[in-house]
Amino acid sequence: MSRRPLRIGLSARIYHPQPGATGLQSKSLQYLEQSVAHWVMSREVMVFMIPSVSGDGMVHRSSIRLSDYPQYLDGLVLQGGADISPQSYGEQPAHADWAGDRLRDAYEMELLHEFMEAGRPVLGICRGAQLINVAHGGTLYQDIATQYEKPAVHLHADYDKHIHGITWEAASGLSKLYPEMSGGGVVSIHHQAIKTIGKGLRVEARSADDGLIEAVRLEGKPYVLGLQWHPEFHPPGSPQLLDCTPILDEFLSAARGRRW
């Protein structure tokens, strides 16, 4: 008898209606970025986007709870997207453009908590890594260029074509996953970054150029890994970019371990 495919949930990106907008842009939209869905689906995995349920919608939170999802899904991927609100880690935005999306923060923190409580593995990408850190009591640099000493370039006009190097921390999970390598090239697109690391997390990788934290992992169980870079933007077989298939396989193995 064949096993059913793994079922992995993806947190939703949220578009908030803009003042004066008409048509579809006058509505709240929840969506996923195609590349991350296809990256997870490359391993014969079924992907389900998990929408937030707000109190002002037709379906109220009392009817559908985020805590119901881990009963039916085998793991969670936290997508990239809007800034984390500094208010989510006890600060005020130093600039109006850095206010972030506090509604999405609350939704994803609840989602993270429920999957962890259920023992389900979680993989955070870009914003997702920062969300994992903040949810564990850590803080962020609101803006790398103005708040970090001697920063390298982490936000570039080339977007997903901009590559920089990372290095593993000694005895990290990533160093064990890639025993023949000390790091690799990655695509990361962000102006915020992990500052103070959250409780129970350990640093897995740093930027080779300026030492900024590029990956964090929860010590012990369940499996929780945050990547500051975008593995879904790494084409298979690229000589310049880290092959992130072992990371995906490790995450999915954790999901299978829970089921089987």
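If you read the sequence from its start, that first residue is 1, and numbering goes on from there.
Put simply, the side chain of R43 never gets that close to the backbone of L252: no donor and acceptor are under 3.5 Å apart. In this structure, the side chain of D74 engages the main chain of R7 through a donor-acceptor pair within 3.5 Å. Of the possible polar contacts, one joining the E204 side chain to the L174 backbone as a donor-acceptor pair under 3.5 Å is found. Not a single donor-acceptor pair under 3.5 Å links the side chain of H191 to the backbone N or O of D143. A donor-acceptor pair under 3.5 Å is absent between the side-chain atoms of S188 and the main chain of Q228, judged by distance alone. Without hydrogens or angle criteria, H162 side chain to I189 main chain gives no donor-acceptor distance under 3.5 Å. The main-chain N or O of Q92 is never found under 3.5 Å from a side-chain atom of Q87 such that the two would form a donor-acceptor pair. Between the side chain of S85 and the backbone N or O of A99 there is at least one donor-acceptor pair closer than 3.5 Å. A donor-acceptor pair under 3.5 Å links the side-chain atoms of S253 to the main chain of D249, judged by distance alone. Not a single donor-acceptor pair under 3.5 Å links the side chain of E44 to the backbone N or O of P5.
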- Derivation and outcome, side-chain hydrogen bond (donor to acceptor under 3.5 Å, both in side chains), residues E250 and Y223: CA-CA 9 Å; E250 182 186 60; Y223 179 102; 2.8 Å; yes

- Task: Go through the steps for R127 and E108 under the test salt bridge (Lys or Arg N to Asp or Glu O under 4.0 Å), then give the verdict.
- Result: CA-CA 10 Å; R127 169 195 162 89; E108 287 190 312; 2.8 Å; yes

- Message: salt bridge (Lys or Arg N to Asp or Glu O under 4.0 Å), that's the test. Do D68 and R65 meet it? Break it down for me.
- Response: CA-CA 6 Å; D68 294 330; R65 298 170 298 175; 3.2 Å; yes

- Message: Please evaluate residues R206 and E169 with respect to the criterion salt bridge (Lys or Arg N to Asp or Glu O under 4.0 Å), reporting the C-alpha separation (whole Å), side-chain torsions for both, the decisive distance (0.1 Å), and the verdict.
- Response: CA-CA 7 Å; R206 292 182 183 272; E169 290 288 276; 3.6 Å; yes

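Between G138 and Y89 the shortest heavy-atom distance is O-CB, 3.6 Å. Contact record, N133 with T139: ND2-O, 3.2 Å, taken as the closest heavy-atom pair.
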